[in-house]
**Q** 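The structure is given below, and queries will be raised subsequently.
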Amino acid sequence: MNQELYDYYQAYKQKTNAYALALSTMSFDQATIAPKNGTSYSNQLMAVLSTEAFIHASNPESIKKIEQLANEDIDDLLKKELSLLLKELHDNKDVPTDVFSEFTLATNEAGTAWSDAIDNQDYITFIPYLERVINAVKKQLKYHPNKKECAYNILLDRFEPGMNMDKYDAFFEQVKESLIPLIHQIIDADKKIDESILNQSFDIKSQEVFMNELCEYMRVNRDECYISTTQHPFTSFFSGNDVRITTHYYEKNLLSAIFSTIHEYGHALFGLQIDDAFEGTSLSNAIGFAMHESQSRFLENHIGKSKAFWEPNLAKLKANFPSLESLDIDTFMELVNVSKPSLVRTEADELTYPLHVIIRYELEKEMFENETIDYLQLNEKWNQKYKEYLGVTPSHDGEGILQDMHWSSAYFGYFPTYALGSAYAAQFYHTMSQRLDVDSILKNNEFEKIATWLKDNIHHHGASKTTEEILFEVTHEEFNPMYYITYLQDKFKTLYKL
Ligand SMILES: [Zn+2]
């Protein structure tokens with residue numbers, strides 16, 4: 001191996017990572033503590049820094065040297081690392097700097113405009129920003145190496161390598177066919193879950209105290225996992241020893257922060273448990289979003305919504321909220337797993353959740369398959385689909401089309417990974433439950449055994465293996481959506497006595 005090329009690549013990588021760390025720190029600061037009136041100015045400066053990072057990363061001389069290094073006699077891991085990096089670089093290498101800057105500025109400004117629009121429940125003022133972002137994405141895709149491919153397929157593959165509309169259509173058709181009738185059966189079922197005990201105020205300070213106890217149960221290490229609050233919970237990855245998660249406390253909704261935190265910790269755990277040797281390389285971060293989401297959904301639903309998980313934790317919850325004293329574990333499990341069609345994706349139950357995703361997927365497909373978009377009709381279309389699939393209609397756009405930040409950040413093609421990730425999670429859980437006595441582990445306060453299983457089987461690989469490889473290696477099967485569908489059918493038919 002040519003040492004000079006290798007050293008050049010190390011220096012290149014170090015600088016790329018320095019830009020990335022600065023930009024993630026600034027974004028995290030903006031999302032959590034920065035005063036609102038400062039965002040416009042810092043957006044401009046962040047766009048300058050992003051452009052600098054882009055110019056550094058896409059420098060043709062650097063790309064040439066990395067290509068040369070990739071052709072040297074190097075070990076398999078370095079080969080994989082370079083091939084992931086080069087794929088990303090080749091995707092962007094023909095994008096002119098001004099097109100990239102316009103994209104960054106459009107998304108930064110749309111982010112601020114979205115946040116105002118949702119506060120004011122005003123979709124109309126958001127339209128020009130959304131239009132600008134979509135145009136910026138379409139323009140960028142004109143410089144993509146696969147520009148002949150349908151734009152939406154390029155975006156789907158970007159978020160989950162190997163995925164495209166044909167595969168998602170097949171998966172979503174199966175989901176719609178099996179779950180929509182079940183959702184409607186539950187609406188009409190005799191069995192109703194009485195949620196009135198949760199219709200009260202839950203002191204935020206006490207919620208925080210309980211969350212700390214739950215984090216202790218999940219062995220959250222605060223020396224490497226920081227927890228903050230934001231409007232929309234998310235996880236930021238700074239390094240293999242520094243992840244940040246956010247949650248959101250609602251006085252009138254006790255369960256929201258609990259399951260958001262468990263969900264985000266699922267993402268965090270993945271980042272923290274990737275092989276240390278991959279630090280700072282494309283192997284530590286480039287795995288597909290569906291794979292990542294499978295880990296958050298795994299923890300949130302398969303672990304966090306199980307009776308065994310709550311057996312040691314319900315008493316702690318009751319100690320913080322004496323008004324729940326009369327609650328027994330079976331009633332609590334019904335409350336945690338109640339299914340009813342709702343308007344807001346992030347608050348949706350497990351069964352109706354994929355329908356929220358499918359609605360966004362179908363709208364995005366239209367946006368990228370059609371030359372022109374009727375923006376004034378988009379919110380109406382959104383509402384119609386909610387009516388058709390879930391039987392509910394938003395009373396304003398804040399709980400309709402404006403509810404997610406994804407489109408303002410140009411994350412088109414991201415939503416479908418949420419449903420796909422849930423399906424991967426069900427397949428992983430099926431295997432784990434055959435190899436571990438999950439219930440007794442959870443009851444006996446041995447959460448670290450779950451974390452270790454996930455590390456050994458899934459997390460430590462990082463992006464050094466593809467999703468298909470990991471799925472097959474762990475479950476001895478290719479992706480099979482029936483694990484997900486059957487799991488949901490069994491769980492909710494039992495719960496609603498159908
Ligand atoms: Zn997630």
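For the numbers below, each heavy atom of this structure counts, side chains included, while hydrogens, waters and symmetry mates do not.
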**Q** Test your reading of the model: is there a side-chain donor-acceptor pair from Glu264 to the backbone of Thr246, 3.5 Å cut-off?
**A** no

**Q** Tyr414 vs Phe289 aromatic rings, parallel, tilted or perpendicular, using cut-offs 30° and 60°?
**A** perpendicular

**Q** Test Gln489 against Ser178 for side-chain hydrogen bond (donor to acceptor under 3.5 Å, both in side chains), laying out the working first.
**A** CA-CA 8 Å; Gln489 285 173 330; Ser178 4; 4.6 Å; no

**Q** Examine the side chains of Ser339 and Asp349 and answer whether a donor and an acceptor come within less than 3.5 Å of each other.
**A**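 Yes, a side-chain donor-acceptor pair sits under 3.5 Å.
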
**Q** Could you please spell out the steps behind the salt bridge (charged side-chain N to carboxylate O under 4.0 Å, His left out) verdict for Glu362 and Lys385?
**A** CA-CA 9 Å; Glu362 291 176 350; Lys385 284 183 187 290; 3.0 Å; yes

**Q** Do the side chain of Thr486 and the main chain of Tyr483 share a donor and acceptor less than 3.5 angstrom apart?
**A** no

**Q** Please answer whether the main-chain N or O of Arg219 pairs with a side-chain N or O of Glu448 as donor and acceptor at a distance below 3.5 Å.
**A** no

**Q** Whether Lys365 and Glu369 form a salt bridge (side-chain N of Lys/Arg under 4.0 Å from carboxylate O of Asp/Glu) is what I want to check.
**A** no

**Q** Considering only heavy atoms from C-beta outward, does the side chain of Cys150 approach that of Met165 to under 4.5 Å?
**A** yes

**Q** Which word best sums up how the rings of Tyr386 and His356 line up, parallel for under 30°, tilted for 30 to 60°, or perpendicular for over 60°?
**A** perpendicular

**Q** Does a donor on one side chain and an acceptor on the other come within less than 3.5 Å for Thr352 and Tyr389?
**A** no

**Q** For the pair Tyr217 and Phe447, name the ring-plane relationship: parallel under 30°, tilted 30 to 60°, perpendicular over 60°.
**A**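 Ring orientation, 0 to 90° scale: tilted.
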
**Q** Quick one: does any side-chain atom of Gln427 pair with a main-chain N or O of Asn480 as donor and acceptor, under 3.5 Å?
**A**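 Indeed, once roles are kept as given, a pair shorter than 3.5 Å links the two residues.
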
**Q** What are the two closest non-hydrogen atoms of Val357 and Phe415, and how far apart are they?
**A** CG1-O, 3.3 Å

**Q** Got more than 12 heavy atoms from elsewhere within 6.0 Å of NZ, Lys455?
**A**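 Not buried by this count: 12 neighbours or fewer within 6.0 Å.
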
**Q** Report the distance from atom NZ of Lys13 to atom OG1 of Thr281, rounding to the nearest 0.5 Å.
**A** 6.0 Å

**Q** With no hydrogens and no angle check, do the side chains of Asp275 and His460 hold a donor and an acceptor under 3.5 Å apart?
**A**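 Result is no, nothing qualifies.
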
**Q** State whether the side chain of Ser294 and the backbone N or O of Met291 hold a donor-acceptor pair below 3.5 Å, judged by distance alone.
**A**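 Yes; judged by distance alone, with no hydrogens or angles, the pair exists.
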
**Q** Identify whether the distance between the nearest side-chain nitrogen and carboxylate oxygen of Arg132 and Glu102 falls below 4.0 Å.
**A**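 Glu102 and Arg132: salt-bridged.
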
**Q** Which heavy atom of Met46 sits nearest to which heavy atom of Ser27, and what is that distance?
**A**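 Closest approach of Met46 to Ser27, heavy atoms only: CE-OG, 3.5 Å.
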
**Q** Which heavy atom in Glu446 sits nearest to a heavy atom in Ser440, and how many Å separate them?
**A** OE1-O, 4.3 Å

**Q** Hey, is Lys305 close enough to Glu350 for a salt bridge, meaning N to O under 4.0 Å?
**A**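 Result for this pair is no, no salt bridge flagged.
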
**Q** Mind checking the NZ-CG spacing from Lys142 to Asp94? Nearest 0.5 Å is all I need.
**A** 15.0 Å

**Q** Using 0.5 Å steps for rounding, measure from the CH2 atom of Trp114 to the CH2 atom of Trp407.
**A**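 Between Trp114 CH2 and Trp407 CH2, I get 13.0 Å after rounding to 0.5 Å.
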
**Q** Show the nearest heavy-atom pair for residues Phe412 and Leu155, with the distance to one decimal.
**A** O-CB, 3.4 Å

**Q** Determine whether Phe270 and Ile287 make a side-chain contact, defined as any pair of heavy atoms from C-beta on separated by less than 4.5 Å.
**A** yes

**Q** Would you say Gln231 and Met405 make side-chain contact, with heavy atoms under 4.5 Å?
**A**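 Not in contact.
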
**Q** When rounded to the nearest 0.5 angstrom, what is the spacing between CD1 in Ile180 and CG in Leu351?
**A**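 If we round to the nearest 0.5 Å, Ile180:CD1 and Leu351:CG are 10.5 Å apart.
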
**Q** Could you label the plane-to-plane angle of the Phe234 and Phe28 rings as parallel, tilted or perpendicular, counting under 30° as parallel and over 60° as perpendicular?
**A**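 Aromatic pair Phe234/Phe28 classed perpendicular.
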
**Q** Going by distance alone, is a donor N or O of one side chain under 3.5 Å from an acceptor N or O of the other, for Glu160 and Thr467?
**A** yes

**Q** Taking all non-hydrogen atoms of both residues, which atom of Val95 and which atom of Phe100 are closest, and how far apart?
**A** CG1-N, 4.0 Å

**Q** Would Arg360 count as a cation-pi partner of Tyr418, with NZ or CZ less than 6.0 Å from the six-membered ring centre and within 45° of the ring normal?
**A**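 Output no; distance or angle outside limits.
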
**Q** So Leu283 and Leu77, do their side chains get closer than 4.5 Å, heavy atoms only?
**A**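 The answer is yes, as the side chains (C-beta and beyond) meet within the 4.5 Å cut-off.
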
**Q** So, taking the atom named OH in Tyr484 and the one named CG in Leu179, what distance separates them when rounded to the nearest 0.5 Å?
**A** 6.5 Å

**Q** What verdict does the side chain to side chain contact (heavy atoms under 4.5 Å, CB included) test give for Phe309 and Ile262, after you've listed the backbone C-alpha separation in whole Å, the side-chain angles of each residue and the deciding distance to 0.1 Å?
**A** CA-CA 12 Å; Phe309 179 90; Ile262 300 176; 3.9 Å; yes

**Q** Are the side chains of Met333 and Leu314 in contact, using a 4.5 Å heavy-atom criterion?
**A**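 With C-beta onward as the side chain, the pair stays apart.
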
**Q** For atom CD of Gln434, is the number of surrounding heavy atoms from other residues, nucleotides or ligands below 6.0 Å larger than 12?
**A** yes

**Q** If we count only N and O atoms by modelled type, under 3.5 Å, do the side chains of Ser342 and Glu347 hold a donor and an acceptor together?
**A** no

**Q** Could you please spell out the steps behind the side chain to side chain contact (heavy atoms under 4.5 Å, CB included) verdict for His248 and His232?
**A** CA-CA 7 Å; His248 191 132; His232 282 252; over 6 Å; no

**Q** Can you name the nearest heavy-atom pair linking Leu272 to Asp242, along with the distance?
**A** CD2-N, 4.3 Å

**Q** Taking the six-membered ring for Trp, are Tyr424 and Phe428 parallel (under 30°), tilted (30 to 60°) or perpendicular (over 60°)?
**A**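 Geometry flag for Phe428 against Tyr424: perpendicular rings.
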
**Q** Do any N or O atoms from the side chain of Glu279 and from the backbone of Gly240 form a donor-acceptor pair under 3.5 angstrom?
**A** yes

**Q** Supply the atom-to-atom distance Gln14 CD to Tyr9 OH, rounded to the nearest 0.5 angstrom.
**A** 11.0 Å

**Q** Would you say Asn370 has more than 12 foreign heavy atoms packed within less than 6.0 Å of its CG?
**A** yes

**Q** Should Lys93 and Leu89 count as side-chain neighbours, where that means a heavy-atom distance under 4.5 Å?
**A**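 Lys93 does not reach Leu89 side chain to side chain.
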
**Q** Hey, what's the ring geometry for His292 with His267, parallel, tilted or perpendicular (30° and 60° as the breaks)?
**A**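 Geometry flag for His267 against His292: tilted rings.
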
**Q** Between Glu216 and Lys316, is there a side-chain N and carboxylate O pair less than 4.0 Å apart?
**A** no

**Q** Ser282 versus Glu88: any side-chain heavy-atom pair under 4.5 Å?
**A**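 No, side chains not in contact.
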
**Q** Any idea how His302 and Phe298 line up, ring-wise: parallel (<30°), tilted (30 to 60°), or perpendicular (>60°)?
**A**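 It falls in the tilted class, 30° to 60°.
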
**Q** Would you find a donor on one side and an acceptor on the other, under 3.5 Å apart, between the side chain of Lys167 and the backbone of Gly162?
**A**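 Side chain of Lys167 to backbone of Gly162: a pair is present.
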
**Q** Could you tell me if Lys139 sits above the aromatic ring of Phe103, with its cationic atom closer than 6.0 Å to the ring centre and no more than 45 degrees from the axis?
**A**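 Verdict for Phe103: no cation-pi partner in Lys139.
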
**Q** Is a side-chain N or O of His56 found less than 3.5 angstrom from the main chain of Tyr12, in a donor-acceptor match?
**A** yes

**Q** Ring pair (Phe, Tyr, Trp, His ring centres under 6.0 Å) for Tyr429 and Tyr487? Distances and angles first, verdict last.
**A** CA-CA 10 Å; Tyr429 185 77; Tyr487 155 75; 7.3 Å; no

**Q** Please verify the inter-ring angle class for Tyr361 with Tyr152; under 30° counts as parallel, over 60° as perpendicular, anything in between as tilted.
**A** tilted

**Q** Can any side-chain N or O of Thr475 pair as donor or acceptor with the backbone N or O of Phe472 at less than 3.5 Å?
**A** no

**Q** When you measure from the side chain of Asn2 to the backbone N and O of Leu5, does any donor-acceptor pair fall under 3.5 Å?
**A** yes

**Q** Does the side-chain hydrogen bond (donor to acceptor under 3.5 Å, both in side chains) test come out yes or no for Tyr6 and Glu72, once each step is laid out?
**A** CA-CA 10 Å; Tyr6 183 75; Glu72 292 278 311; over 6 Å; no

